[in-house]
Amino acid sequence: MLTEVGTAAMQAFLDRFAATLPKRVHAALLLDGAGWHIAGHLAVPDNVSLILYYCRPTHRN
């Protein structure tokens, strides 16, 4: 359990998650674009892709 969110927590999650995937499996994670999801120094493992979506306020839809 992590006590805070941020780039370090996201990196730890990605590293641990990627390590659980079987060989030759690639995972795509759908993320909301929070700052720690898109940090420039985030190292995304080769077997993971990040797909970002940005929610629009409902009054604009």
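Note that these values count all heavy atoms, side chains included, but never hydrogens, waters or copies made by symmetry. Computed from a predicted structure; not experimentally measured.
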Problem set entry | Shortest non-hydrogen contact from V48 toward V44 |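 Minimum heavy-atom separation between V48 and V44: O-CG1, 3.3 Å.
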For this session: Over all heavy atoms of both residues, which pair between H26 and S49 is shortest? Give the atoms and the distance, please.
Result: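 Of all heavy-atom pairs spanning H26 and S49, the closest is NE2-OG, 2.7 Å.
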Nearest 0.5 angstrom please: [X] [atom1] to [Y] [atom2], how far?
X	Y	atom1	atom2	result
N47	L21	CG	CG	5.0 Å
L52	L30	CG	CG	8.5 Å
D15	T20	CG	OG1	11.5 Å

For this session: Decide whether L50 and V25 are clustered together by the hydrophobic rule: side chain heavy atoms of Ile, Leu, Val, Met, Phe, Trp, Tyr closer than 4.5 Å, transitively.
Result: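 Shared cluster, yes.
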Exercise. T7: what forms a side-chain contact (heavy atoms from CB on, under 4.5 Å) with it, not counting sequence neighbours?
Worked result: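 In terms of side-chain contact (heavy atoms from CB on, under 4.5 Å), with neighbours along the sequence ignored, T7 is linked to W36, A39, H41, L42.
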For this session: Indicate yes or no: at least one non-hydrogen side-chain atom of D32 is less than 4.5 angstrom from one of Y53.
Result: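 Yes; the side chains approach each other to less than 4.5 Å.
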Problem set entry | Residue pair F13 / L29, side-chain heavy-atom distance below 4.5 Å |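 Side-chain contact under 4.5 Å: yes.
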